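Shown next, in structure tokens, is the structure this report addresses.
Counting from 1, the numbers follow the sequence of the chain as shown. All values derive from a computational prediction rather than experimental measurement. Atoms considered below: every heavy atom in the structure, side chains included; atoms not considered: hydrogens, waters and symmetry mates.
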Amino acid sequence: MVYGGVLNMSTGAILCSVLIYVVLIQCAQCCVPSTIQAQVPVEVKPGYVVSKVNVGDCSARRFYFSVCDPDFAVLPDGTIVTARVTRVTSEGRTFCVWAQDQRHHRFKVDVTLTHTEQPHLPQQKTAVLRRFRRRWSPPPIYLQENAPPPYPKDLEQIGSDSSQNQTVYYTISGPGVTTHPVEVFSCERHSGLLRVHRPLDREEFPMIVFTARVFNKVTHKETDLPLPITVHIEDVNDNAPEFVGSLLYTVEEHSKIGTVVGQINATDNDEPNTSHTKIRYSLLSSTDLFLIHSFSGVITTKSTSLDRETQEKHLVTVEIRDMGGATNGLSNTATATIALTDINDNPPTFSETKYKARVEENKGNILVLRIPVEDKDVKDTPNWRAVFKIVKGNEGGYFRVDTDPKTNEGLLYVIKPLDHEEGSHLMLEMVAENEAPLVGSGAWMQVPVELTVGDEDEGPVFSPPLLRLRVLENIPNGTLIGTYTAVDPETKNSEGITYYENTDPASWISVDESTGGLKTTDTIDRESTFVSNGMYNITVRAVDTSKKQGIGTVLIVIDDVNDNNPKITVPDQILCEKDGELGSITLHAEDADARPYGEPFTFELGEEADGKWKLKDASGTSVVLQQAVALPLGVYSIPVVVKDLQGVGEVQMVNVRLCECATDTPGEEVCAALKRSAVLGTWGVLAMLLALLLLLLLVLLFVFICSTKREKLYLDDGSGGMLIKSNTEAPGEEVKTDPFLLVCPSPVEGDVPLKGQAVDLGGGMGVGMGPAPLGGGICGGLGGGPDQQHMYQENAFHTSTREFSADGQTNIYTSGQYGQGFYGDAGFVNYSGALDMWRSNELYLDQKLVYFYEEEDGRFADDLLKDYGYEGEGSSVGSLDCLSQMGIEEDSLDFLDTLGPKFRLLASACTRKADSEEEE
């Protein structure tokens, strides 16, 4: 009885528990509908809203939705939409939607779709019935792809209505018959029976349309219209689904449940939107860690225990199967690689619980200890790199800790020397962190570091290390300014210590060896270059009995006395006037002494200024010096008295150069005279360069002359120099035409004949002037006056010079190989130009040099002055052959029309002379 009672009680408890569980499950599912029905069009486009999963009273709970049909998708709010073009048959379409809450409870919702009825079209008006010619029209032919043998197989028999009245035959043509794929279909000629001769693949030829024709056997004419025949290749599930894209995925370690890892993509070459291409995804491994959606292929995490430090990569086998996952569907498998990315879930750990080290005293900037750490995170990342800190024991700033970038060790340095006497043991507390913040519930680790400071025999130590003394400059030599002593750190006394001067830049202080007394040995000058900001430094060396040394520094602050007068910094000034205005300059002064013995200064003019200058606008260290009256240009010395704040000063001379300004630009005043001097200096340099250039050209000219071939020039004047009477106004037989002689026209001013005397210049460069008849002396040899005449027979250069008067003025006319012109009151006026004269002189000089170089010594006799008493050959009067013209024919008198005023003057004179002879 007891046993039975216990059994009944246990059975009742079990039933009660089951009832409570069922109630809880019902309560959990009460807010998620189990089914949804919706009506959609026959063809639904992508993005069409089908329905929505309403969670009812569960709005406080968060749901995650997924769909088991790839043609549909579920938005985060539960809205169901189409993912691609979808057709709904008359039988309808069903699929499921999964809803998962935060407690990992999953609920299935079955969705049923039916298409809406097509609206009834309004009836059209009854049309007029017409009779049409009947045609042969067999129904479409359906052929299963890759149908098994035997072949050929009968498909359909075609027949035309014309076969009832005529004897006909049939032919087919087009794709599958005469074009690719050829010889697949055939037609019985007389019966119209269609056959297929080999299997077809729907994935290559989903539909084939060829043409059938019917002809009369006798006339071979078509008895009916051509008939298109359509053959549909029915799909069979002969293609297994295939994976598409990469199968490599990454996800952070320790991710939350439901974190998306990635999506598996697959495709099937069978007919779309059929069960043959409905792929179902499933995992064959790692099902305890990952979950895959059956129809979308999305992989999510199923556990939070993913640890990269335990296993960095997970190889997951994925199966894809068509036919919605049915057992008769075709399948394929592949391995997806899921790599876990690192997070900083592992803090650095110390290998020891306590570290010890020893450091010598009085040593700084040395490495004391290397502290290794271990970190399981990815190396050389912020999750792995350690950052060390001293959290306790470094209040004096004696230590520094760095991180070795290669080994990730902590490097402990002593940066300031330690003193054993101050403490022989030191305790530090160090912590190791990461650059990245720590994730999870872990904490940074700490470790103690014990340091022992070694003891060594140290030298004397000055107390204080820096002694500050204050003295007055210029104090007498031998004055004791202070005492500087040191003690032994071990004995704490000064016995046996000797003091020496270590550094004293100006040699102003001496050190007493036994007492450390500091006395002056030279004048202390605050304005010395050895003093900086009124302070002077020396160092003292202390040596104990063991020859250990210590160095101390003495800072001497020097108080100033008024031992310097203010000085004008620039005593030489330039003052330039602008448009007659009285100018001014600014004078600046300096005093080496400091306050109250320096600035501000007082400026005054000396008695020698005499009211010519005045001072204004005085400031602390400057004053404006201005002209009081207009002064002539020059240099002035102006006495100026400058006194400091204590009234101490002296007279100083300021030299001012007064001049005119060369520019109006403020701040760029320059004396005009100085600027002109600079300009002239520039032109002087250019003139020197030009002179050097001309000298170079002359050297080149002489080189050219010396390298030219030397030739002689012979001018033969064989006219005899006599005036021959002729009854013909043409050249006489006695007149010899010399092609080397030039016509020498006589100048005429207006219609007034010019009178005067002629001077002939010959090749000997002699010049003679004297009266001569108008008819002679125009051209010839050397004329030396009326008594002396001479002519060179060789190398003669003919030049005629005539003195004439017109309107009371005397002029000299020249003509010849150098050119033609006048020597008058205004100088020589050249007719032919200076260039021709220069070239003529060059030619003449060249010929003369050749002549003197090659002729015999007898030529010197021809250079002597000879007298002739007649106007014959060799007379200085010369011949009238120069009046002849070159190139004139012997019997032609046309040249008389071109003769110039010279000939007309000569002709008139000859005419008067001839008339007078006839009268006689």
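Looking only at side-chain heavy atoms (C-beta outward), Leu291 and Ile299 stay at 4.5 Å or farther from each other. Side-chain contact between Leu155 and Phe185 is present, with at least one heavy-atom pair separated by less than 4.5 Å. Two residues are said to be in side-chain contact when any heavy atoms from C-beta on lie closer than 4.5 Å; Ile229 and Thr211 fail this criterion. Looking only at side-chain heavy atoms (C-beta outward), Pro348 and Trp444 come within less than 4.5 Å of each other.
The side chain to side chain donor-acceptor pair (under 3.5 Å) check on Arg87 picks up Glu43, with sequence neighbours excluded. Under the rule for a salt bridge (charged side-chain N to carboxylate O under 4.0 Å, His left out), the partners of Asp402 that lie at least two apart in sequence or sit in another chain are Arg400. Residues passing the ring pair (Phe, Tyr, Trp, His ring centres under 6.0 Å) test with Tyr169 are Phe215, His220, sequence neighbours excluded. For Thr178, the side chain to side chain donor-acceptor pair (under 3.5 Å) test picks out no residue, with sequence neighbours left out.
For residues 381-391, every residue pair satisfying the salt bridge (charged side-chain N to carboxylate O under 4.0 Å, His left out) rule, not counting sequence neighbours, is listed here: Arg385-Glu435, Lys389-Glu433. Residue pairs meeting the salt bridge (charged side-chain N to carboxylate O under 4.0 Å, His left out) criterion with at least one partner in residues 300-319, sequence neighbours excluded, are Arg308-Asp342, Glu319-Arg321.
The two atoms that bring Val251 and Ser255 nearest to each other are CG2-OG, 3.5 Å, heavy atoms only. Ala334 and Leu247 make their closest contact through CB-CD1, 3.6 Å (heavy atoms, listed as atom of the first residue, atom of the second, distance).
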Using the rule given for side chain to side chain donor-acceptor pair (under 3.5 Å), can you reason through Asn146 versus Asp238, listing the C-alpha separation, both sets of side-chain angles and the distance that settles it, and then say yes or no?
CA-CA 9 Å; Asn146 299 323; Asp238 57 347; 3.1 Å; yes
Check the pair Val244, Thr267 against side-chain contact (heavy atoms from CB on, under 4.5 Å), reporting the backbone distance first and the verdict last.
CA-CA 7 Å; Val244 178; Thr267 184; 3.5 Å; yes
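Both the sub-6.0 Å distance and the 45° axial angle are satisfied by Lys153 relative to the ring of Tyr151.
For the 3.5 Å distance criterion, the side chains of Glu203 and Asn269 fail to qualify, holding no donor opposite an acceptor.
Taking the six-membered ring where the residue is Trp, the centroids of His232 and Phe205 are separated by 6.0 Å or more.
Salt bridge absent: Lys278 and Asp268 never bring a charged side-chain N and a carboxylate O closer than 4.0 Å. The pair Arg213-Glu222 counts as a salt bridge, with a side-chain nitrogen and a carboxylate oxygen less than 4.0 angstrom apart.
Taking the six-membered ring where the residue is Trp, Phe350 and Tyr355 present perpendicular rings, their angle passing 60° and hence far from 30°.
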